There are 2 protein chains.
Amino acid sequence: MKESSGGRHTIRDVAKAAGVSISTASNALNGTGRTNAETREKVRRIAEEIGFRPNALARGLLTKRSHAIGMLTNDTYGRLTLPMASGVSEVLVDHGVSLFLCATNNNPRLAKLHLEALLDRQVDGIIFTATRIDLEPPPELTKLRIPVVYVFAQGPSDSVSFHPDDAQGARLAVEHLQRLGRSRILHITGEQNYRAACIRAEAYRELVGPTAEVMFGDWSEEWGHAAIETVFSRSGAKPDAIFCGSDEIARGVIDALRDRNISIPDDIAVVGFDNWEVVSRQTRPPLTTVDMELKELGHRAGLAILGLSKGETVAPGVERLPCTLVIRRSADQPGQA
Amino acid sequence: MKESSGGRHTIRDVAKAAGVSISTASNALNGTGRTNAETREKVRRIAEEIGFRPNALARGLLTKRSHAIGMLTNDTYGRLTLPMASGVSEVLVDHGVSLFLCATNNNPRLAKLHLEALLDRQVDGIIFTATRIDLEPPPELTKLRIPVVYVFAQGPSDSVSFHPDDAQGARLAVEHLQRLGRSRILHITGEQNYRAACIRAEAYRELVGPTAEVMFGDWSEEWGHAAIETVFSRSGAKPDAIFCGSDEIARGVIDALRDRNISIPDDIAVVGFDNWEVVSRQTRPPLTTVDMELKELGHRAGLAILGLSKGETVAPGVERLPCTLVIRRSADQPGQA
DNA sequence: TGTTTTTGTTAAAACCTTTTAGCAACTAAA
DNA sequence: TTTAGTTGCTAAAAGGTTTTAACAAAAACA
């Protein structure tokens, strides 16, 4: 088996070995055109034997489909995008599509650099992720000739976006607490300039009514602690349940309550948001929390960009994927309360 | 400005607009061959004007350098690979090289699939990452004609690997505790089948001598808790310092000590490993810990693969990058103890 | 028999770029 | 004047694949 170039076999080698022309070899391998069943089998057998794999660059150059998609993300460290990205990757690899990872570090210059590189590489589509409310997707994105899918972020109105259903997730948490018979439910959450925080707070308010109280802060454990300080240093009735905007906040809350010898969930039940297992499994007691099904979100986004890149149409707008409630001891089943 | 194909301008368009041949346009843009300064400027100006950018697929096909490298990783959720990957990405983007992310989920079939896709795309090199000691890099990797760099993982003896200097990091921690005057230092760490755990334990033993005691467990907070239970339920002298194999373990240890009203650092000083800030900043008191400089590790790995892919030679073997000690209140400065 | 259809195959064009080799014109040296 | 060298440019090949159009041979039809 001699090789014609650079160590890898080309379709030329296959054709020569099979005693056919390059076009016939191509047709036989791809099942296109008309080929005799016998020659088709022969070509395929030989290709298999010498381990021929088509050069993706050459194919992409000609077909205008690179079978690669790019993912722009501003949050490399976060626990949001990465499980999601792994979901995307899972779907793509099954379709022979590869994923470019572009970490923009919230730097517009870097975002632009990455975007240009992706276009130079003729990617078939782009997934854009960003979590901050004030971080608008780069306007260049809307003018591309390739499809773009937004996750966590909001594109223009006719674009395709996927978000967790924050409102439904919040309702899951609050309704669970209400079923436990809790009537004074407090909401401690993160920064008000995150859209997700506002949506959850709104859903909470609707269910809880006039006694609702939302404490915005940041997404840290420390803030959970501080919020409990505040609540217990002021007069008035204390809550009998706390719905937290993240597992980290919930962890701070739980630790602060334990310091005060308040029993969880007997005196106060606690529910978190994220199901970040490294936190939610390790609080004492373990945390009941809302799971955003990030991997599934990635699957859906992956399928959407695949479809779009093939020219299929996908319903525009924000699709909100349902969250699930993971019940652990910090807010038990109704029967056990 | 009419476009010759698919919406993007090609070098053809540039050449036509500048009234020169394609070759001259190419030479002018790349500074190759001989070109009159005047025409060179003109071509460049026009290219800029119409926003010409060369098609990376065509260029890669011809030059046999795709300016892309692939990263195979088995740990998508972990906090180890991702900061590292972001370091890799930072270096690459500066050199116009893009990064394929391949999450293998510890699945050999998937690893193979990804590897083949990377080769089809003619990547210039591969970075392989894996943290488990028992996870050997796929043997296919050693037979490639493109360079491979290993991070956290161990390649064959003539390969290039980058690791944190676990021994030096452990010494940093232990020597710090010794300078604080602590003499009964205990080491609570993770699974014994992680090479890193063994190396750190070994370095610890050498410094501490006959009183050394290593408790292997797993990498969880829970294990930190459980280990403290064990230590305090048995007879004998108690430690006056604990060196933990991870920040998570340290967090469990700190919580368990606080439950017992043991003062940190007065009675027992605690040092962690990772400087995973979401943990180390939030423990009470905040955690003194070893930082593995993951981003720097990524930088180095990125530079190495870039160099190798250009044909430069890089010294083979395992390069161990120094860790740093981040001092917080769980083990103060000597002066303050 | 002659005419149309079908079948299997192939040469060549196309995708977009870089690079090689060569050409013409001009300059400098002999 | 010839020779040699330099400059600025270009045609053409190359890279590996898919696709189009054409062709010959065989089959079906009249």
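In this text the structure is predicted, and so the values were computed from the model without any measurement. All values below were derived from every heavy atom in this structure, side-chain atoms included, with hydrogens, water molecules and symmetry-related copies excluded. Chain A is the first sequence line, chain B the second, and so forth, proteins listed ahead of strands; every chain is numbered from 1.
Between B/Glu38 atom CD and D/dT7 atom P there is a gap of 17 Å when expressed in whole angstrom units. Regarding B/Asp13, its CG atom lies at a distance of 13 Å from the C1' atom of C/dT17, rounded to whole Å. Straight-line distance from the NE2 atom of A/His9 to the C1' atom of D/dG15: 17 Å, rounded to whole Å. Note: CZ (B/Arg121) to C1' (D/dT17) measures 15 Å, nearest angstrom. Rounded to whole Å, atom C1' of C/dC16 lies 14 Å from atom CD1 of B/Ile50.
Rounded to 10 degrees, the angle between the two end axes of the helix from C/dT1-D/dA30 to C/dA30-D/dT1 is 60°, with five pairs used at each end.
Using a 4.0 Å cut-off between charged nitrogen and carboxylate oxygen, A/Asp120 and B/Arg8 count as a salt-bridge pair.
Screening residues 298-317 of chain B for ring-ring contact (aromatic ring centres under 6.0 Å, His included) gives no qualifying pairs among residues at least two apart or on separate chains. For the salt bridge (charged side-chain N to carboxylate O under 4.0 Å, His left out) condition, the pairs that include at least one residue of residues 17-45 of chain B, sequence neighbours left out, are B/Arg45-B/Glu49. Evaluation of the salt bridge (charged side-chain N to carboxylate O under 4.0 Å, His left out) test over residues 152-162 of chain B, restricted to residues two or more places apart or in two chains, returns none. Listed by first and then second residue, the side chain to side chain donor-acceptor pair (under 3.5 Å) pairs involving residues 301-318 of chain B are B/Arg65-B/Ser309 (not counting sequence neighbours).
A/Phe162 is linked by a ring pair (Phe, Tyr, Trp, His ring centres under 6.0 Å) to nothing, counting only residues two or more places apart in sequence or in another chain. Partners of A/Glu140 under the salt bridge (charged side-chain N to carboxylate O under 4.0 Å, His left out) rule, at least two apart in sequence or in another chain, do not exist in this structure. B/Arg121 pairs by the salt bridge (charged side-chain N to carboxylate O under 4.0 Å, His left out) definition with nothing, not counting sequence neighbours.
At C/dT18, none of the side-chain N or O atoms of B/Thr63 fall inside 4.0 Å of OP1 or OP2 (strictly under the cut-off). Contact annotation: A/Lys64 side-chain N/O to C/dA14 OP1/OP2 distance is not under 4.0 Å.
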Listing time: all N or O pairs from protein to nucleotides 8-10 of chain C that are below 3.5 Å?
unit_1: C/dG8; atom_1: N7; unit_2: A/Arg34; atom_2: NE; d: 3.1
unit_1: C/dG8; atom_1: N7; unit_2: A/Arg34; atom_2: NH2; d: 3.3
unit_1: C/dG8; atom_1: O6; unit_2: A/Arg34; atom_2: NH2; d: 2.9
unit_1: C/dT9; atom_1: OP2; unit_2: A/Asn36; atom_2: N; d: 3.2
unit_1: C/dT9; atom_1: OP2; unit_2: A/Thr39; atom_2: OG1; d: 2.9
unit_1: C/dT10; atom_1: OP2; unit_2: A/Ser21; atom_2: N; d: 2.8
unit_1: C/dT10; atom_1: OP2; unit_2: A/Ser21; atom_2: OG; d: 3.1
unit_1: C/dT10; atom_1: OP2; unit_2: A/Thr24; atom_2: OG1; d: 2.7

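Nearest to the side chain of A/Ser26, among D/dT19, D/dA14, C/dC15, sits D/dT19. Considering only the side chain of B/Leu62, D/dG15 comes nearest among C/dT19, D/dG15, D/dT18.
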